[in-house]
Every structure is written in C-alpha cells, then in structure tokens.
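Down below is the structure, laid out as structure tokens.
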Amino acid sequence: MDKPEQQVPVADGTVPETPRTRLVAIMLGPPGAGKGTQARRVEAEFGVPHISTGDILRDHVARDTELGRQAREYMDRGELVPDQLIIDLIADRIGQPDAAEGFLLDGFPRTLQQAVSFEELLSQKKLLLDVVVSIEVEDEQLIERISGRYLCRECGRDTNVAGMDSLPETCPQCGGELYQREDDRAETVENRLQVYRGQTAPLVDYYKGKGLLREVDGSGSVEEVTGRLVEVLEGG
Ligand code: AP5
C-alpha cells in the first residue's frame with residue numbers, strides 16, 4: 001500500500017537521503033482508546049510492525065528481567081515508567097531489522113521528553129515521522145472498555161465482556177484462563193487517565209503545531225474505527 005504523500009523534515013530540519021520508508025506513525029490516545037486493537041488490525045496492511053511499549057514492558061515483567069522489576073512498580077500504580085528506560089527500550093526496538101522500513105508506535109511517546117528524544121533517534125536513523133493519530137474517546141466509554149477487558153493466559157487474546165451478561169469461564173478463542181491486567185483495576189484506571197491528561201495529552205498540541213496530527217473518532221465499532229484510521233494512514 002502507498003504511504004501518505006506528506007513527509008516532513010526531521011528535528012534538525014534536514015531531509016533524509018535514504019529511501020522512503022513505508023510508514024512511520026504514532027498512535028496517541030488515552031488508556032482504552034483502542035490503540036492496541038487498531039494497531040494489530042492495520043499493521044499487516046501497511047507492512048510495518050506494531051510496537052507497543054506497554055506490551056514490551058509487560059513481557060519484561062512476566063520474564064522478571066531487570067527492566068521488568070524496575071518498571072513494575074510504576075505500571076501497577078498507573079504511573080509512567082521513567083523516560084530514560086523507555087527511550088532505551090525504543091532505541092533498541094526500532095533498531096531491529098523488522099523496523100527498518102517503518103513502524104506503528106502504540107503508547108510511545110508519552111511525555112515531551114520522550115517525543116524530543118524520539119526525534120533525535122529518527123534523525124540518527126535518517127527516518128521521517130509521517131503522521132500522529134490521536135484516537136478520541138469519551139471517558140465513560142474508556143472506563144467501560146477497560147473494566148470489561150480480560151486477557152487469556154494461553155493465547156494472549158483480549159475478550160471484552162462489556163455488553164455481555166456474564167464473564168465467560170474461559171477464553172472463547174482457546175479455552176485458556178482469563179485474567180484482568182493489574183492496572184485495569186478501577187482505582188488504578190482513574191490514575192492512568194489523570195496521568196494521560198497531565199503528561200501525554202499535551203503531545204496532541206505539540207504534534208498539531210508540527211502539522212502532523214490527525215484526529216480520529218474512536219467511538220463506534222472496532223471495524224468503524226479501523227475504517228477511519230486506514231483513511232488517515234493512507235493520507236486521505
Ligand atoms: P499501555 O499498555 O500502553 O496502556 P494504555 O495506554 O493505558 O493503553 P491500553 O492498553 O489500556 O489501551 P489501548 O488504547 O491500547 O486500548 P485497547 O486496544 O487495549 O501501558 C501500560 C503501562 O505501561 C502504562 O500505564 C505505563 O506504566 C507503562 N508505559 C507504557 N508505555 C510507556 C511510555 N511510553 N512511557 C512510560 N510508561 C509507559 O482496547 C481496550 C479494550 O477496549 C479492549 O478490551 C478492546 O477489545 C476494547 N475495544 C477497543 N476498541 C473498541 C471499540 N471500538 N468498541 C468496543 N470495544 C473496543
């Protein structure tokens with residue numbers, strides 16, 4: 001699929017001389033907006049990997065790595081993991097071969113410091129940021145989606161019980177055990193929303209100022225949102 005026409009110079013104002021990438025995009029949005037759900041649906045279509053800092057951190061926590069041990073206390077409280085840990089993690093991930101032609105970032109950047117460091121990383125790699133998508137959803141829906149989210153310990157898929165009469169006993173996809181994310185508990189969700197408003201939402205104006213921001217209505221069905229997102233990513 002063709003990438004959007006629009007490309008802008010990287011932070012230092014230079015235009016990279018390397019071949020054009022397929023797509024370098026950021027998905028912004030509050031917890032529960034549907035960033036992960038949508039990124040998983042469109043990554044194959046655009047031929048770039050979906051990179052979720054939340055997923056990478058949860059994998060480190062599950063494997064009890066040094067990074068996982070450092071990140072866990074922040075994640076469980078719904079707070080942001082320190083910038084430098086995240087910047088190192090992203091530098092490593094976008095340096096891997098499958099990310100050479102672009103990537104779809106979900107959950108990064110989340111602070112101004114992360115955004116500025118990311119521009120430096122892109123500049124070093126001679127890559128351009130094409131678009132920043134902000135998925136917009138009302139708080140009431142965010143809370144409903146997050147409180148209804150259950151994950152499977154076997155296949156990792158998400159089953160959302162919002163609108164169901166009762167919680168299925170096992171994963172409808174594979175029969176595995178269902179569980180809730182530690183940070184999806186009601187008291188932590190409110191903190192995550194506040195952290196988003198205070199530390200991440202300012203990035204909307206930051207990228208608007210750079211002419212890169214596209215807002216997408218994240219309400220309605222998953223399929224409806226995908227349709228709007230694809231249009232934006234295609235430069236429509
Ligand atoms: P992260 O995993 O990034 O969590 P988040 O941003 O809070 O995002 P969520 O995964 O809750 O939501 P989502 O927008 O992906 O929605 P989803 O598609 O799952 O981060 C977790 C933690 O890690 C952070 O709190 C922080 O501690 C740390 N961290 C991560 N990145 C960091 C960074 N850069 N810097 C510092 N710390 C960082 O959808 C939610 C539910 O809704 C699902 O069940 C889904 O099925 C359902 N759903 C989706 N779309 C629809 C729809 N249209 N209609 C109905 N249901 C829907």
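When reading the values below, keep in mind they use all heavy atoms of this one structure, side chains included, and skip hydrogens, waters and symmetry mates. No experiment lies behind these values; they were computed from the predicted model shown.
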Pair Glu182 + Arg185, salt bridge at N-O below 4.0 Å: yes
Value rounded to 0.5 Å, distance of CG in Asp106 from CD in Glu43: 10.0 Å
Heavy atoms from other residues, nucleotides or ligands near CD of Glu140 exceed 12 (cutoff 6.0 Å): no
N-O pairing of Arg228 and Glu231 below 4.0 Å: no
Hydrophobic cluster membership, Tyr207 vs Val116, 4.5 Å side-chain cutoff: yes
Value rounded to 0.5 Å, distance of CD in Glu136 from CG in Leu28: 9.0 Å
Sole candidate of Arg58, Arg145, Arg192 that passes salt bridge (charged side-chain N to carboxylate O under 4.0 Å, His left out) when paired with Asp184: Arg192
Spacing of Thr53 atom OG1 and Leu85 atom CG [to the nearest 0.5 Å]: 12.0 Å
4.5 Å side-chain heavy-atom contact, Phe118 and Ile26: yes
Crowding at CD, Glu169 (>12 non-hydrogen neighbours, <6.0 Å): no
Trace of the side chain to side chain donor-acceptor pair (under 3.5 Å) decision for Gln84 with Asp88: CA-CA 6 Å; Gln84 198 52 52; Asp88 291 347; 3.0 Å; yes
Test side-chain contact (heavy atoms from CB on, under 4.5 Å) applied to Leu178 and Val161, Thr159, Asp158, the passing residue: Thr159
Side-chain donor or acceptor of Gln114 paired with backbone N/O of Arg110 under 3.5 Å: yes
side-chain contact (heavy atoms from CB on, under 4.5 Å) partner of Val230, chosen from Gln38, Arg41, Glu45: Glu45
Side chain to side chain donor-acceptor pair (under 3.5 Å) assessment of Glu119 paired with Ser123: CA-CA 6 Å; Glu119 279 160 24; Ser123 178; over 6 Å; no
Contact check, side chains of Arg72 and His60, non-hydrogen atoms, under 4.5 Å: no
